[in-house]
Each structure stands twice: as structure tokens, then as C-alpha cells.
Colleague: 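Would you mind keeping the following structure in view while I ask a few things?
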Amino acid sequence: MIIQRPRGTRDFLPEETERRSQAKKAMQDVLERWGYREVATPTFEHLELFTIKSGASVIEEIYSFKDKGGRDLALRPELTAPVMRMFVSELQNSPKPQRLWYFGNCFRYERPQKGRFREFWQMGCELIGGSKPDSEAEAVALASRMLQSVGVSGDIHIGYLGLIRSILGKIPGEHRSSVMRMIDKKERDALATLLEEIGCSHFGLLELIDSKGESALDRAAQIVADWKPAQEAAAAAPEPVSANEAAAVTSSSSGRGSARQGRAVEAQLHLEEFVQTVDLLKAYGVNFTIDFEIVRGLEYYSGTVFEVYAEGLGAQRQICGGGTYELASLFGGKETSSTGFGLGFDRIMEIVQMNSSRPSPVFMAFTPDVKREAARIASRLRESVPVVMDVMGRGLKAQLKAAASAGADYAVIVGKDELDAGRLTLRDMSGGAQESLLIAEIEARLKAHFQDIC
RNA sequence: GCCGGGAUAGGGUAGUGGUUAUCCUGAGGGACUGUGGAUCCCUCGAGCUGGGUUCGAAUCCCGGUCCCGGCCCCA
């Protein structure tokens with residue numbers, strides 16, 4: 001009986017594995033050119049690491065288990081938390097910034113579908129401890145360059161949480177998380193209704209998330225500017241003037257007015273930060289769309305957030321997500337702002353146009369009586385080029401046939417005649433031309449051939 | 001967790017309640033005992049799994065597993 005693969009897992013045959021390592025290599029080269037260094041973390045961690053980061057609800061989708069000592073463990077569902085755990089316990093006192101990258105398999109107990117598996121691979125990086133606008137621009141530009149390196153073009157959408165959090169600050173605490181959730185889920189109508197109900201529809205939140213692209217920045221600036229007259233108006237007029245104007249503030253106390261003023265100033269600072277990120281990103285030559293609707297749901301994101309979408313992936317269009325977050329302190333470390341992103345490697349592989357064309361090894365063909373000499377010659381040649389030898393006990397004819405069907409460009413033939421002459425036969429498999437050459441000559445010839453191809 | 005479609009030699013397919021068949025590929029042998037992708041012949045190789053109906057099931061029925069697409073979710 002044949003044992004099947006567990007659900008949502010895959011086998012990668014040589015050709016696909018070759019494609020994957022080529023793509024990984026291309027993106028890895030970009031990371032290394034940007035000064036990032038690879039790290040690796042355990043495949044399983046304490047379950048708590050992930051629930052602290054993402055909440056208890058993720059347990060549903062985690063491969064978690066108790067080990068024989070009764071510990072609650074989990075196969076990692078993502079890599080940011082493990083990398084930040086490692087940072088907090090090992091690297092906190094090392095020079096900043098830390099530029100780290102990773103590539104690893106992750107596991108989620110989900111229903112498989114196009115571009116979604118239970119074991120999947122993430123590639124990503126964390127830029128730890130840098131200052132915001134610069135780190136953010138670097139991260140987005142780096143993600144863009146990595147995708148470019150494998151010929152994938154995606155739509156980059158970048159949002160900014162600083163501003164949205166300022167607005168949230170004006171909203172009663174008990175509603176904040178539902179507001180965030182609705183933005184994230186794009187439940188626009190429900191959001192409008194809720195904001196109306198709690199009297200917060202005038203802060204410009206809907207306007208902000210509705211505007212996309214270049215104009216979104218001006219819109220945002222306008223919204224922040226509108227809060228200033230609001231303070232003056234609030235000081236002068238105790239009653240809201242109009243429900244549609246930012247001037248319509250429900251409070252009349254000067255104490256709360258100054259709190260608002262504080263927030264407006266803060267929001268303005270935030271906005272300036274974001275403007276710097278955007279400017280720098282333009283300098284990097286990256287194409288992107290400003291989209292304040294990108295909020296990435298979670299509490300620990302604090303600054304710029306971004307996502308990249310690609311066509312041709314059905315329902316799973318997102319191939320990259322990231323942003324600036326505060327996680328170090330969640331894991332017991334010092335407050336450290338970091339920016340990072342993860343790429344969905346498997347989704348990228350679905351759309352990447354890459355043909356693996358690794359040249360087939362040289363075929364060492366020999367007659368049975370000179371097997372030992374053939375093995376020695378093969379070893380010598382392997383110092384410069386890939387060589388395979390028959391292990392099927394085939395005759396010379398069958399070996400050459402096998403070499404041809406394996407796509408070998410060259411065969412080296414050795415038998416008694418060759419040994420007597422002190423020269424080997426080099427056969428060009430494409431035309432069938434043969435030459436009698438010294439081993440050093442063959443080595444040089446083959447070496448040159450492989451260098452041409454690779 | 002929900003909805004739909006699937007599973008037949010290594011890979012494609014067709015078909016039928018009664019030694020299935022076909023295309024490609026692979027292995028072994030032969031035409032051909034130191035020179036290849038050809039051709040021909042022979043052999044090997046299959047119906048996801050567990051149960052039921054039946055004299056007989058790869059085929060009909062029921063569970064399960066896995067795959068594909070979508071919903072939910074997506075750190």
C-alpha cells in the first residue's frame with residue numbers, strides 16, 4: 001500500500017526544486033547586497049510565542065502539540081515572532097540596526113487551496129532598531145527589488161497607521177478595535193454606520209481610507225489641518241457646528257481641547273514621517289500606491305504598513321506583507337521599533353517565470369574491464385565538472401543511449417584501446433564527433449564548456 | 001468548519017457488473033557481444049482506501065483519505 005502525503009504538503013521533484021533554489025538564490029542575492037545576514041530559528045517553538053503575538057484565536061490554525069514532557073509546543077506558523085524572540089534573547093545589546101533575513105518552512109492548519117498549503121515557505125527580513133522613515137523606505141524598496149529579481153511584478157500598496165491611530169485616539173476606547181477590524185475587513189458600510197452611531201463620523205476616517213494614490217497624501221494633510229480650526233472652534237463654541245466638518249467636536253471643555261491639540265500636533269508629526277518615507281521611496285525608484293486602508297489588523301504595527309498583490313493567483317493574491325512594529329517589548333525586551341516583511345515564497349513560485357536549465361553532467365562511458373580506471377578518471381574530472389558514471393552494469397551501447405536520453409552534451413569513453421593509447425575519447429553527443437585527447441585536454445575542454453553554459 | 005468537482009500502470013486518457021484498453025515514458029530481453037535519442041518484437045507494470053450489495057465490483061452504494069476550485073480565515 002502506498003503511503004500518501006499528509007494533506008496540504010508537497011513533494012518537490014528535482015526540476016521544481018531546482019526552480020525553487022534558483023528563485024531563492026536570486027532573492028537572497030538582493031538581500032545580501034543590501035547588507036542583510038541570514039538567520040535560522042527552530043522549526044517548533046513554545047505555543048505561547050505565537051499567542052502573545054497574535055492572540056489566542058490563532059491556536060485554531062496552529063499545529064500545536066504537547067511533547068512528552070507536557071510542554072505546549074507549536075510548529076512555527078510564521079517567522080517574525082521567532083526572529084524577534086531570538087533578537088530579544090541574544091542580540092539586544094548588539095549594535096543597531098540589525099539587518100536579518102530568513103527563509104524557512106512554516107505550518108498552518110488551514111484548508112488548502114490555490115497558493116495555500118499546510119506547509120509553506122516564507123522568506124523575509126527584519127530591520128531592527130532603525131529610525132522609522134528610513135527603515136520603512138528601505139524595507140519597501142528591498143521587497144520590490146526582491147520581487148523584481150525573479151521577474152514578478154506586483155502592486156505595492158502602502159498605508160500608514162500613525163495617522164489612523166491618532167484618529168482612533170479620538171474614538172471611545174471600547175469601539176477602537178471594532179473600527180480597526182472593519183477597516184481591515186473593508187466593511188465600509190458597517191464602518192460608516194458605526195462611526196455615525198458613536199458620533200465620530202467627522203474625523204475624516206472614511207475619507208482617509210477611501211482616497212488612494214498620490215492624492216491621498218494631500219487628503220490626509222487636509223484632514224490633519226482641519227483639526228486645528230477644530231480646537232479654536234471648540235474653545236469658542238461649545239456646540240458642534242456641523243456634523244460634516246472637523247469643526248464639529250462634541251466636547252466643550254478646554255482641557256479636552258488641549259488633549260486634542262496634542263493629538264493634532266502628534267498626527268502632524270506622524271504625517272510628516274510618512275511623507276518622508278514616501279519621498280525616500282520615490283528616490284529608490286519604487287512604484288507604489290498610497291492606500292490608508294491597509295492596516296494589517298494587528299495591534300503591534302505602529303507605522304508604515306504595506307502589502308503586495310499579484311495577478312494570477314486566484315483568491316490568494318497577496319504575496320508580501322509587512323510594516324513597522326513594536327514586538328521586542330511584547331517578548332520581554334526593550335522597546336525597539338523594527339520594520340520587516342515576509343514574502344509568500346510558494347505563491348511567488350506559482351507566477352515566477354524561470355526555466356531551470358542546468359546542463360546535464362558529462363557521461364563517463366566505459367567497458368566493464370576498465371571500471372576501476374574509469375572511476376579514477378571520473379573522480380579527476382569531477383574536480384572541474386559534473387560527471388556521472390553508469391551504475392546499471394550496462395554495455396557501452398546502452399550507456400551511450402542513456403547518456404543521450406539524459407541530455408548529456410558530452411560523453412567521455414574509456415576502454416582498453418584508450419588505456420593503451422594513453423588518450424581518452426571525448427564524444428560530442430550533439431553531432432557524434434569524437435576526438436582522442438589527453439585527460440588534461442578533456443578537462444580543459446569540458447571546463448570551458450560548462451563555464452559557457454552557467 | 002462550509003460548498004462544488006475529482007482520484008484508473010511512472011505520467012496522460014477511454015470504457016464497461018463477467019480475463020479491459022490505449023498513448024507517452026521507464027525497466028529487462030531480443031533483432032545488434034566498443035559507439036547513442038530510430039524501428040520492430042516479447043516481458044514487467046493500474047484502477048486511492050475501508051466496508052457493503054453481488055455467484056462475481058476497477059465499475060453500483062456508504063464512510064474515510066488526498067487533490068483541484070471557491071467561502072471563512074490569512075499572524
Side-chain angles (χ1 to χ4, degrees), chain A residues 1-11 13 45 47 49-62 74 76-84 106-118 120 122 124 181 184-185 295-301 305 307 309 313-323 325 327 330 340-342 344 346-347 350 360 363 365-370 374 390 392-421 424-434 436:
Chain A
M1 173 199 157
I2 289 181
I3 309 282
Q4 292 181 315
R5 253 178 285 133
R7 180 166 211 194
T9 62
R10 290 158 297 161
D11 295 313
L13 299 180
E45 296 270 1
L47 177 59
L49 176 66
F50 303 108
T51 53
I52 286 178
K53 174 169 178 271
S54 310
S57 62
V58 296
I59 292 178
E60 300 274 308
E61 287 167 358
I62 285 182
R76 58 189 181 195
E78 48 110 7
L79 283 162
T80 297
V83 169
M84 290 312 290
C106 300
F107 306 83
R108 291 185 194 177
Y109 194 87
E110 292 184 297
R111 185 104 185 169
Q113 52 185 276
K114 190 176 180 65
R116 176 194 283 184
F117 306 94
R118 288 186 171 185
F120 60 97
Q122 272 195 353
R181 207 195 60 242
D184 194 30
K185 306 275 180 245
V295 294
R296 296 191 63 74
L298 295 158
E299 287 297 313
Y300 51 79
Y301 281 107
V305 286
E307 297 182 347
Y309 311 102
L313 282 171
Q316 316 298 324
R317 292 178 58 236
Q318 193 187 321
I319 53 172
C320 174
Y325 56 84
L327 269 182
L330 257 186
F341 61 85
D346 305 276
R347 293 182 188 175
E350 298 261 329
S360 185
F363 200 100
F366 57 94
T367 53
D369 51 323
V370 300
D390 177 58
M392 302 294 289
R394 288 175 171 136
L396 193 58
K397 177 195 177 77
Q399 289 182 46
L400 287 167
K401 188 171 174 176
S405 65
D409 293 322
Y410 286 98
V412 173
I413 299 169
V414 55
K416 192 141 188 326
D417 297 349
E418 280 79 6
L419 292 183
D420 288 347
L424 307 175
T425 302
L426 177 66
R427 183 178 180 86
D428 180 339
M429 296 299 286
S430 56
Q434 297 191 167
S436 186

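Sequence lines set the chain letters: A, B, ... in the order given, protein chains first and strands last, and positions in each chain run from 1. Only a predicted model underlies this, so the values are computations on that prediction, with no experimental measurement involved.
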Colleague: Would you please test A:Q318 and A:R347 for side-chain contact (heavy atoms from CB on, under 4.5 Å) and show each step?
Modeller: CA-CA 8 Å; A:Q318 193 187 321; A:R347 293 182 188 175; 4.3 Å; yes
Colleague: In whole Å, what separates the P atom of B:rG52 from that of B:rC3?
Modeller: 28 Å
Colleague: Measure the CG-CG distance between A:D417 and A:L424 for me, rounded to the nearest 0.5 Å.
Modeller: 12.0 Å
Colleague: In whole angstrom, give me the gap between the C1' atoms of B:rG5 and B:rA21.
Modeller: 26 Å
Colleague: List the residues meeting side chain to side chain contact (heavy atoms under 4.5 Å, CB included) with A:E110, not counting sequence neighbours, and say none if there are none.
Modeller: A:E61, A:R108, A:R116
Colleague: Could you verify whether a donor N or O on one side chain and an acceptor N or O on the other, from A:Y301 and A:E299, lie under 3.5 Å apart?
Modeller: no
Colleague: Could you let me know what B:rG26 is paired to, Watson-Crick or G-U wobble, both distances under 3.5 Å, or none if it's on its own?
Modeller: B:rC44
Colleague: Could you give the distance separating B:rA46 and B:rC67 at their P atoms, to the nearest angstrom?
Modeller: 24 Å
Colleague: Is there a donor-acceptor pair under 3.5 Å between the side chain of A:T9 and the backbone N or O of A:P6?
Modeller: yes
Colleague: Looking only at the side chain of A:A404 (C-beta and beyond, no hydrogens), which of the listed nucleotides B:rG37, B:rG34, B:rU35 gets closest?
Modeller: B:rG37
Colleague: Does A:F50 reach the side chain of A:E45, with side-chain heavy atoms less than 4.5 Å apart?
Modeller: yes
Colleague: What's the gap between B:rG56 and B:rG17 when it is taken at their C1' atoms, as a whole Å value?
Modeller: 8 Å
Colleague: Please report, rounded to the nearest Å, how far the P atom of B:rU35 is from the CG atom of A:L424.
Modeller: 18 Å
Colleague: Can you name the atoms? Protein N/O to nucleotides 63-66 of chain B N/O, anything below 3.5 Å, with the distance.
Modeller:
{"unit_1": "B:rU65", "atom_1": "O2'", "unit_2": "A:Q4", "atom_2": "OE1", "d": "3.1"}

Colleague: Are the side chain of A:S360 and the backbone of A:A406 linked by a donor-acceptor contact shorter than 3.5 Å?
Modeller: yes
Colleague: Does the protein touch nucleotides 69-75 of chain B at the base, only the backbone, or not at all? Give it as B, S and - per nucleotide, heavy atoms under 4.0 Å.
Modeller: SBBBBBB
Colleague: Are the side chains of A:M429 and A:F363 in contact, using a 4.5 Å heavy-atom criterion?
Modeller: no
Colleague: So what's B:rA7 paired with, Watson-Crick or G-U wobble, going by both distances under 3.5 Å?
Modeller: B:rU65
Colleague: Roughly how many Å apart are B:rA58 and B:rU13, using the C1' atom of each and rounding to a whole number?
Modeller: 15 Å
Colleague: Regarding A:Q434, tell me which of base, sugar-phosphate or nothing describes its non-hydrogen contacts under 4.0 Å with the strands shown.
Modeller: base
Colleague: Roughly how far, to the nearest 0.5 Å, is CD1 of A:I413 from OG of A:S436?
Modeller: 10.5 Å
Colleague: Expressed as a whole number of Å, how far does the C1' atom of B:rU54 sit from that of B:rC73?
Modeller: 46 Å
Colleague: Would you say the side chain of A:E418 and the base of B:rG34 hold a donor-acceptor pair, judged only by whether the two atoms sit under 3.5 Å apart?
Modeller: yes
Colleague: Sort out the partner of B:rG36 for me: Watson-Crick or G-U wobble, both distances under 3.5 Å, none otherwise.
Modeller: none
Colleague: In whole angstrom, give the distance that lies between atom CZ of A:R427 and atom P of B:rG36.
Modeller: 7 Å
Colleague: Restricting both atoms to N or O, compile the protein contacts to nucleotides 26-29 of chain B shorter than 3.5 Å, with distance only.
Modeller:
{"unit_1": "B:rA27", "atom_1": "OP1", "unit_2": "A:R394", "atom_2": "NH2", "d": "2.9"}

Colleague: Looking at B:rU16, which nucleotide sits across from it as a Watson-Crick or G-U wobble partner, both distances under 3.5 angstrom, or is there none?
Modeller: none
Colleague: Please determine, by modelled atom types, if A:T425 and A:Q434 share a side-chain donor-acceptor pair under 3.5 angstrom.
Modeller: no
Colleague: Considering residues, nucleotides and ligands other than A:Y109, do more than 12 of their heavy atoms fall under 6.0 Å from its OH?
Modeller: no
Colleague: When the P atoms of B:rG29 and B:rG64 are considered, how many whole Å apart are they?
Modeller: 48 Å
Colleague: Any salt bridge linking A:D184 with A:R296? Criterion: basic side-chain nitrogen under 4.0 Å from a carboxylate oxygen.
Modeller: no
Colleague: Answer whether the closest heavy-atom distance between the side chains of A:V295 and A:V305 falls below 4.5 Å.
Modeller: no
Colleague: Distance between the C1' atoms of B:rG34 and B:rU25, in whole angstroms?
Modeller: 28 Å
Colleague: A:D11 CG to B:rG10 C1': how many Å, rounded?
Modeller: 14 Å
Colleague: Taking N or O atoms only and anything under 3.5 Å, show me the protein contacts with nucleotides 38-46 of chain B, one pair per line.
Modeller:
none

Colleague: Taking side chain as C-beta onward, heavy atoms only, is A:P77 less than 4.5 Å from A:V58?
Modeller: no
Colleague: Go through the structure and list residues passing ring pair (Phe, Tyr, Trp, His ring centres under 6.0 Å) with A:F117, not counting sequence neighbours.
Modeller: none
Colleague: Please name the nucleotide paired to B:rC71 by Watson-Crick or G-U wobble geometry with both distances under 3.5 Å, or report none.
Modeller: B:rG1
